[in-house]
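Chain identifiers are assigned alphabetically (A, B, ...) following the order of the sequence lines, protein sequences preceding nucleic acid strands; residue numbering begins at 1 within each chain. Everything numeric in this text was worked out from a predicted model, so none of it was measured.
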Protein chains: 2
Amino acid sequence: MSIFKVASFNVNSVKTRLPILERWLGEDPVDVLCLQETKVQDPDFPVSAFRDLGYHVAFRGMKSYNGVAVASREEPDEVAFGFGDGEEPDDGPRVARVRFGDLTVLNTYVPQGKALEHPDFLYKLRFFERVLALLERHCREADPVLWTGDLNVAPTDRDVTHPENKRDHVCFHRDVQRAFRDVLSWGLEDVYRKHRPGDGEFSFWDYRVRDSLARNIGWRIDHLLASPPLAERSVDAYAVRELRAQERPSDHTAVVGVFRR
Amino acid sequence: MSIFKVASFNVNSVKTRLPILERWLGEDPVDVLCLQETKVQDPDFPVSAFRDLGYHVAFRGMKSYNGVAVASREEPDEVAFGFGDGEEPDDGPRVARVRFGDLTVLNTYVPQGKALEHPDFLYKLRFFERVLALLERHCREADPVLWTGDLNVAPTDRDVTHPENKRDHVCFHRDVQRAFRDVLSWGLEDVYRKHRPGDGEFSFWDYRVRDSLARNIGWRIDHLLASPPLAERSVDAYAVRELRAQERPSDHTAVVGVFRR
DNA sequence: GACGGCGGCG
DNA sequence: CGCCGCCGTC
């Protein structure tokens, strides 16, 4: 059976994370890799490191913050950044849309939102609405579509360690969970949960919580959301915890979806 | 034959260098270790790391720059920082004087001097004069005395890789070499050269010169200078190159003097 | 509190 | 190139 793998990884600086990326992709290559928080301006993006690993790479970044990239073994047929909806900011360094034949991969780095009362939180809720509008504009539910990335939302109580004390957190508040569900209602299925329904399935472990990985105190905020024809072909999904356990790790790990071709 | 070892090591941040110091002193302990560029304020000095290695430690530092320390297996009978000559600045974070019985160890971090035309260069020349005055005030040539540290001077053509292009360098100019020799004339012998007279004997390899250690493009600016009764007991001296070859190294390595007790 | 980027420095 | 302090993020 021929399969392909699509992964999402918030790298928290792609340059700093190159050793980890090289080790990982050298051992267990994926076909499409969506990165967030690359934190690098386009002229400084480490293109050759990806080329040497056998990947094409499309990227849009800025100094210090944000930045998305999509690395892939095959060259995409179409690449676009930002919402392109006329609204400002267009958010190129947070939104990448890539097409391979009839498969669309949408890679987003959703704003964290800072605090419930902060303007950025309203912007975050608006961000989800714009993702939905983008799907409606560019995709069809009957085609294979994957929305992935660091979505900065833990959708259910099982997606955090202590849900009770997180009700007012910008990544767990019911308003952000509803905004997220509203996008899913377009016709997307959580294919990570399809294969890993249990407790303690996380993709982010805070640097500030000591031994968070060893104690498994984390959040599931990096997602793989597939349209029905793609979800139907999904055969596995997993988080690559080894990446979080290495020297100088990102605070996130990669999540990988495995699909029938 | 019972011996003792005295070392000098510009650590370029003592906190950053703890793993290297622990590995080194664990394997090949020295009796007295003079450090320069500790780059730490006194309240933050990692006293317990030295205690755990079996060392007493006296230190005087500041934020970001300079800072000297003397670690020793035996507790010193006397410790003093700075020139104490009434001149300002007294330079506590550059000058440590420590006495063990009749042995005086003078640990200095001589200012680099920035540029020949910079006021710091005159201050550097004055620094050597003040070292001489300090020796005259506190020591006798007939007693064992060791002047050591990062002296920021390569005394002869053999002490750098390309002497021709360094005549106007603040660590190689004839004025700084003369200022250094004037201190030696008090009655000190270069005990490193006594045992290692050859070419390519260095203690510093610039981070900015690629593969400087492997290509041995360096400077001998860290010194071991002994009064006659101590020089007479000197049996070996060497630079510990392994320290420069480790992960996250200082740009200097340690120089070690071995003496009969 | 532990990362990241940055500018200044040698 | 690798320190430092600084500041911003989460």
Side-chain angles (χ1 to χ4, degrees), chain A residues 10-18 20 36-41 44 61-67 93-94 109-116 118 120-121 124 150 152-154 160 166 169-172 203-213 217-219 221-222 244 246-252, chain B residues 10-20 35-41 44 61-67 93 109-115 118 120-121 124 150 152 169-171 204-215 217-219 221 244-252:
Chain A
N10 178 320
V11 283
N12 188 9
S13 168
V14 68
K15 285 191 287 185
T16 305
R17 229 56 69 203
L18 278 181
I20 284 180
Q36 305 87 36
E37 286 209 80
T38 55
K39 291 188 176 178
V40 66
Q41 301 171 99
D44 302 329
M62 55 185 291
K63 257 193 184 179
S64 299
Y65 307 108
N66 310 323
R94 286 188 180 274
Y109 173 47
V110 174
Q112 195 257 3
K114 295 216 169 86
L116 293 184
H118 194 284
D120 283 15
F121 186 65
K124 178 178 189 172
D150 176 355
N152 266 317
V153 58
V160 295
K166 288 186 180 59
H169 193 288
V170 287
C171 297
F172 198 64
S203 65
F204 165 83
W205 294 265
D206 198 319
Y207 289 131
R208 290 168 290 184
V209 177
R210 42 167 268 279
D211 296 326
S212 58
L213 182 71
I217 297 172
W219 296 66
I221 57 181
D222 301 274
R244 183 64 177 83
Q246 308 216 14
E247 286 279 285
R248 306 196 89 203
S250 169
D251 39 4
H252 294 247
Chain B
N10 177 321
V11 283
N12 188 11
S13 168
V14 68
K15 284 189 289 184
T16 303
R17 230 55 69 203
L18 278 181
I20 284 180
L35 302 178
Q36 306 87 37
E37 286 209 81
T38 55
K39 291 188 175 178
V40 65
Q41 301 170 99
D44 302 328
M62 55 185 291
K63 257 193 186 182
S64 300
Y65 306 108
N66 311 323
Y109 173 47
V110 173
Q112 194 257 3
K114 295 216 169 81
H118 194 283
D120 284 15
F121 186 65
K124 179 178 189 172
D150 176 355
N152 266 316
H169 193 288
V170 287
C171 297
F204 165 84
W205 295 264
D206 198 318
Y207 288 132
R208 290 166 293 183
V209 176
R210 40 166 271 278
D211 296 327
S212 57
L213 182 71
R215 298 155 70 202
I217 297 173
W219 296 67
I221 57 181
R244 183 64 176 84
Q246 307 217 16
E247 286 278 286
R248 305 197 89 200
S250 170
D251 40 4
H252 294 248

A.B. asks: Looking at residues at least two apart in the chain, or sitting in another chain, which of them share a ring pair (Phe, Tyr, Trp, His ring centres under 6.0 Å) with B:His118?
C.D. replies: none
A.B. asks: When we call it a touch if two heavy atoms are under 4.0 Å apart, what does B:Arg210 touch: a base, just sugar-phosphate, or nothing?
C.D. replies: nothing
A.B. asks: Figure out the CH2/C1' separation between A:Trp205 and C:dA2, and round it to whole Å.
C.D. replies: 17 Å
A.B. asks: Relative to the ring of A:Phe172, is the ring of A:Trp219 parallel (under 30°), tilted (30 to 60°) or perpendicular (over 60°)?
C.D. replies: perpendicular
A.B. asks: Tell me every residue that passes side-chain hydrogen bond (donor to acceptor under 3.5 Å, both in side chains) with B:Ser64, counting only those two or more places apart in sequence or in another chain.
C.D. replies: none
A.B. asks: Rounded to the nearest 0.5 Å, how far does CZ of B:Arg248 lie from CG of B:Leu18?
C.D. replies: 11.5 Å
A.B. asks: Partners of A:Asp251 by side-chain hydrogen bond (donor to acceptor under 3.5 Å, both in side chains), sequence neighbours excluded?
C.D. replies: none
A.B. asks: Going by the rule side-chain hydrogen bond (donor to acceptor under 3.5 Å, both in side chains), which residues pair with A:Tyr207 if we only count those two or more places apart in sequence or in a different chain?
C.D. replies: A:Asn12
A.B. asks: Check nucleotides 8-10 of chain C against the protein and report each pair of N or O atoms closer than 3.5 Å, with its distance, or say if there are none.
C.D. replies:
none

A.B. asks: Remember a base hit wins even if backbone is also touched, and classify A:Thr16 as base, sugar-phosphate or nothing at under 4.0 Å, heavy atoms.
C.D. replies: sugar-phosphate
A.B. asks: Taking atom types as modelled, is there a side-chain donor on A:Gln112 or A:Asn152 under 3.5 Å from an acceptor on the other?
C.D. replies: no
A.B. asks: Can you give me the first and the last nucleotide of DNA chain D (5' to 3') that has an atom within less than 4.0 angstrom of a non-hydrogen atom in chain A?
C.D. replies: D:dG8 to D:dC10
